[in-house]
Amino acid sequence: MAPKSVLLPVSDPPPPPLRGVDDNDPLFRGSAMTRRGAFAAISYMSCAVLLVMFNKAALSSYNFPSANVITLFQMISSICLLYAMRRWRIISFANGESHKTGLVPLQTVLHTLPLSIAYLLYMLAVMESVRGVNVPMYTTLRRTTVVFTMIVEYLLTRQKYTYPIVGSVVLIVLGAFVAGARDLSFDFYGYGMVFTANMTTAIYLATINRVGKSSGLNSFGLMWCNGIVCGPILLFLTYIRGELELTMNFPYLHSLGFQALMLFSCILAFFLNYCIFLNTTLNSALTQTMCGNLKDLFTIGLGWLLFGGLPFDALNVIGQALGFVGSGFYAYCKIKGK
């Protein structure tokens, strides 16, 4: 019989014998964020920056014809990695679960169905929104997700926020509008897809908290359910729309550079999904959204250098600065527990 392996960290705190001494202690005295929560937030931001660059390179630099097929590749890779790690007893799918040979019961899969549908809509909208807008403008518009998140959390849980938190959100949204005031590359479809992505992101993050905590699954278990529900649906959609045929005829399909790009994209998507679950359950849906705003500094800089598309005039710089000040102020309030 194979020896038991040490479990990877999951969304909920491990049992006392496995819990780290300081992982769940406050980051600072009076802080509302733990050290483990801070690690989850930083990990998410790192993966998110790199994944946007890889996806943009595939869709723009190589002119890959289908964002949905990239999402399908990422989903299939995620299912394969999860299955292998579960079979090798590296991870578990449920909180406090011992090393069993089974996967997730059908009843539990059905319980997570709302989360899986929200995840599918989120993935499709985000991938399509990357194509139609240049990277700096994409990250600017995506910052308004925080407003959608606050609205959804209030509607679902009646969550209310303090005046400092609301003030930081106002700064972020104001900065987004100021930064985009002179964007001459306005595209109605592209902008519409970004705002659709913002709405689906907010619904997805709020659903993680509601469904995730009631299902008994950890981050890996939720990712597994998302994959086995959404994978076949996405495969069917790409087939009937002819996107799989376009992919088979893609001239760079056998290019080593493109294949390496897709490989890293799939690996990063796996870790990004895990970090989203971890950050949302350890912290909150709003904190997850604000982390997306904080990582925009690096995304905008890299996107401008690698892909161009938006001149950084004085008004744009002021808008970006307002957004970063707002995100930084939220992080300060979170650390101080305000």
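Position 1 is the first residue of the sequence; numbering continues from there.
- No side-chain heavy atom of M223 sits less than 4.5 Å from a side-chain heavy atom of I79.
- You'll find the side chain of M262 stays beyond 4.5 Å of the side chain of V69, heavy atoms only.
- For R210, the salt bridge (charged side-chain N to carboxylate O under 4.0 Å, His left out) criterion is met by no residue, not counting sequence neighbours.
- Looking at every heavy atom in both residues, G175 comes nearest to L322 through CA-CB, 3.7 Å.
- Within the model, atoms SG of C47 and CD1 of I42 stand 12.0 Å from one another, a figure rounded to the nearest 0.5 Å.
- Taking all atoms of both residues into account, the shortest heavy-atom contact from I165 to S168 is O-OG, 2.6 Å.
- Here the closest heavy-atom approach between residue L82 and residue W224 is recorded as CD1-N, 3.6 Å.
- From L278, atom CG reaches atom CG of N218 across 10.0 Å, with rounding to the nearest 0.5 Å.
- At a threshold of 4.5 Å between non-hydrogen side-chain atoms, the residues I117 and T207 do not count as touching.
- F264 and L256 end up in different hydrophobic clusters when Ile, Leu, Val, Met, Phe, Trp and Tyr side chains are linked at under 4.5 Å.
- Between the Q259 side chain and the L253 main chain, a donor and an acceptor come within less than 3.5 Å of each other.
- Apart from M248 itself, the hydrophobic cluster it occupies contains nothing, where clustering links Ile, Leu, Val, Met, Phe, Trp and Tyr at side-chain heavy-atom distances under 4.5 Å.
- Considering only heavy atoms from C-beta on, T149 comes within 4.5 Å of T145 through its side chain.
- Between L246 and P65, the shortest heavy-atom contact is CB-CG, 4.1 Å.
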Name each donor-acceptor pair under 3.5 Å that joins a side chain in residues 118-126 to protein atoms two or more places apart or in another chain, with its distance.
residue	atom	partner	partner atom	Å
Y119	OH	N273	ND2	3.1

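- A heavy-atom distance below 4.5 Å is not found between the side chains of T196 and S129.
- Atom CG of L272 is separated from atom OG of S46 by 10.5 Å, given to the nearest 0.5 angstrom.
- Looking at residues two or more places apart in sequence or on another chain, you find a side chain to side chain contact (heavy atoms under 4.5 Å, CB included) between S77 and C266.
- No chain of hydrophobic side-chain contacts below 4.5 Å, direct or via other Ile, Leu, Val, Met, Phe, Trp or Tyr residues, connects L110 to V104.
- Closest non-hydrogen pair, L217 versus C225, comes out as CD1-SG, 3.6 Å.
- Taking SG of C275 as the start and CE of M45 as the end, the distance is 10.5 Å to the nearest 0.5 Å.
- When the side chains of ILVMFWY residues are joined at heavy-atom separations under 4.5 Å, either directly or via intervening members, L244 and F236 end up in a single hydrophobic cluster.
- Taking 4.5 Å as the limit, some side-chain heavy atom of I276 sits within range of a side-chain heavy atom of Y204.
- In the hydrophobic clustering of ILVMFWY residues, with side-chain heavy atoms under 4.5 Å counting as a link, I76 and I240 come out together.
- Residues Y252 and F64 keep their aromatic ring centres 6.0 Å or farther apart.
- Among all heavy-atom pairs drawn from V152 and A206, the shortest one is CG1-CB, 3.5 Å.
- By the criterion of side-chain heavy atoms lying less than 4.5 angstrom apart, applied directly or through intervening Ile, Leu, Val, Met, Phe, Trp or Tyr residues, F270 is grouped together with W88 in one hydrophobic cluster.
- Among residues two or more places apart in sequence or in another chain, the side chain to side chain contact (heavy atoms under 4.5 Å, CB included) test is passed with F195 by L141, T144, F148, N198.
- No donor-acceptor contact under 3.5 angstrom links the side chains of T238 and E243, judged on distance only.
- The OG atom of S265 sits 4.0 Å away from atom CD of Q74, with the distance rounded to the nearest 0.5 Å.
- Taking OG of S66 as the start and CZ of F73 as the end, the distance is 9.0 Å to the nearest 0.5 Å.
- Here the side chains of L72 and N68 are not in contact, with every heavy-atom distance at 4.5 Å or above.
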Quick one: do F258 and F250 satisfy ring-ring contact (aromatic ring centres under 6.0 Å, His included)? Show the steps, please. CA-CA 11 Å; F258 177 76; F250 182 58; 5.0 Å; yes
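- Using a 4.5 Å heavy-atom cutoff, the side chains of I151 and M199 are not in contact.
- Residue pairs meeting the side chain to side chain donor-acceptor pair (under 3.5 Å) criterion with at least one member in residues 105-117, sequence neighbours excluded, are H111-S214, S116-N226.
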